[in-house]
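Below is one structure, written out as structure tokens; comments come after it.
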Amino acid sequence: MAQAEQLQFMTPEAYLAFEQQADQRHEYVNGLIIAMAGASRRHNLLTLAFASLLRAHLQGSPCRAYSSDMKVNASHKGNDVFYYPDVMVACNDSDQNAYVEDQPTVIAEVLSPTTEARDRMEKLAAYTAIKGLKEYVLIHQDKIAVDLYQSTDSGWEIIRLKQETDTLQLHSIGFSVTLRELYEDVVGVL
């Protein structure tokens, strides 16, 4: 009879210490660590394009854009959770932890076939529970399409953008970009 594999759990503090020394990035959900896989060329191009556009827009403001290597603390409802969003904007002076953002204003994920369900369900629930988060952006890599979740007085609403001429507007930071501009370097999509 085969013996069941025993799962190894880590405390959040042990994870954060482990992650600073790790050669590969890992996300953390309630004691379990999940290794991050490499991303496709399109994924990288969209992440870099969006982060670059945001960085240029935010220069001179108190907000900063981060891409891929900055963790966000998405702990909520008794769950300890740390993710690596593809792109994140934080507009606070808090520098409490050089490796973790606790108060993001905008988070974006570039969707892939292997991550889309997790980004739309698990991460959507965690991110929208972060106090102060105003917008969550999902960017498709295989077609021109962006889903924007915006915080309103009555909860979260979704705006779907599907045309090259549609404009993604992030009201929290006064940013806008057409999908044509966002996707211009992604060969085979336009």
Side-chain angles (χ1 to χ4, degrees), residues 7-39 43-44 46-112 114-139 147-151 156 170-175:
L7 294 175
Q8 299 294 316
F9 290 89
M10 249 185 216
T11 65
E13 297 77 21
Y15 160 74
L16 292 171
F18 163 79
E19 195 64 4
Q20 284 187 23
Q21 305 302 317
D23 292 334
Q24 179 182 5
R25 295 178 306 142
H26 302 83
E27 292 186 326
Y28 177 91
V29 179
N30 292 325
L32 294 174
I33 61 170
I34 301 129
M36 302 291 295
H43 187 284
N44 276 290
L46 284 164
T47 299
L48 181 59
F50 195 45
S52 297
L53 290 164
L54 288 168
R55 181 186 179 279
H57 172 74
L58 296 170
Q59 283 185 310
S61 82
C63 300
R64 298 289 174 259
Y66 301 97
S67 67
S68 299
D69 287 331
M70 175 64 90
K71 285 182 285 305
V72 65
N73 182 350
S75 299
H76 63 287
K77 298 178 184 174
N79 295 296
D80 293 315
V81 181
F82 294 89
Y83 295 126
Y84 282 96
D86 290 322
V87 179
M88 177 171 47
V89 173
C91 298
N92 59 58
D93 294 334
S94 172
D95 200 13
Q96 296 173 335
N97 187 315
Y99 300 97
V100 180
E101 178 56 53
D102 291 318
Q103 300 172 2
T105 302
V106 176
I107 291 179
E109 296 284 5
V110 177
L111 301 175
S112 69
T114 57
T115 65
E116 184 170 359
R118 189 168 181 231
D119 292 337
R120 288 190 180 282
M121 293 185 295
E122 176 188 326
K123 289 185 179 183
L124 173 65
Y127 289 157
T128 56
I130 296 173
K131 183 180 177 191
L133 186 77
K134 302 296 183 203
E135 287 143 331
Y136 177 41
V137 183
L138 295 174
I139 303 169
D147 292 340
L148 170 62
Y149 292 85
Q150 288 185 316
S151 178
W156 287 85
L170 302 178
H171 298 296
S172 64
I173 57 171
F175 173 82

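Hydrogens, waters and symmetry mates are skipped; everything else that's a heavy atom, side chains included, is used.
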_Taking E27 first and then R118, would you say they form a salt bridge - that is, a charged N and a carboxylate O separated by under 4.0 Å?_
yes
*asked:* Suppose we screen for side chain to side chain contact (heavy atoms under 4.5 Å, CB included). Which residues come up paired with H57, at least two apart in sequence or across chains?
replied: F175
_Please report the interatomic distance CD1(I139) to CZ(F50), rounded to the nearest 0.5 Å._
5.0 Å
*To the nearest 0.5 Å, how far apart are OG1 in T105 and CG in N92?*
7.0 Å
_NZ/NE/NH1/NH2 to OD/OE distance under 4.0 Å, K123 and E109_ = yes
*Among side-chain atoms of E19 and Y84, is any donor-acceptor pair under 3.5 angstrom?*
yes
_Distance check, rounded to the nearest 0.5 Å: R120 atom CZ versus T115 atom OG1?_
10.0 Å
Output side-chain donor-acceptor pairs under 3.5 Å for residues 59-69, partner residues at least two apart or in another chain, one line each.
from: S61; atom 1: OG; to: L58; atom 2: O; distance (Å): 2.7
from: S61; atom 1: OG; to: C63; atom 2: N; distance (Å): 3.1
from: R64; atom 1: NH1; to: S61; atom 2: O; distance (Å): 2.8

*With I130, which of P104, S75, S151 fulfils side chain to side chain contact (heavy atoms under 4.5 Å, CB included)?*
P104
*asked:* Do D80 and N30 pair up side chain to side chain, a donor and an acceptor below 3.5 Å, judged on atom types alone?
replied: no
*Please round to the nearest 0.5 Å and tell me the distance separating atom CG of L111 and atom CG of D119.*
5.5 Å
_Show, in sequence, the C-alpha distance, side-chain angles and deciding distance for V72 and I107, and conclude whether the side-chain contact (heavy atoms from CB on, under 4.5 Å) test is met._
CA-CA 9 Å; V72 65; I107 291 179; 4.2 Å; yes
*Between Y83 and Y28, is the gap from one ring center to the other below 6.0 Å?*
no
_Step-by-step side-chain contact (heavy atoms from CB on, under 4.5 Å) determination, N97 to D102_ = CA-CA 9 Å; N97 187 315; D102 291 318; 5.6 Å; no
*What distance do Y149 atom OH and L124 atom CG have between them, rounded to the nearest 0.5 Å?*
5.0 Å
_side-chain contact (heavy atoms from CB on, under 4.5 Å) evaluation trace for K71 with L16_ = CA-CA 10 Å; K71 285 182 285 305; L16 292 171; 3.7 Å; yes
_Determine whether the aromatic ring centres of residues F18 and H26 are separated by less than 6.0 angstrom._
yes
*Drop me the distance from N73's CG to F82's CZ, to the nearest 0.5 angstrom.*
4.0 Å
*Is there a donor-acceptor pair under 3.5 Å between the side chain of N79 and the backbone N or O of V81?*
no
*With side chains defined as the heavy atoms from C-beta onward, is the minimum distance between L148 and E135 less than 4.5 Å?*
yes
*Would a distance-only check, ignoring hydrogens and angles, find a side-chain to backbone donor-acceptor pair under 3.5 Å from Q24 to M36?*
yes
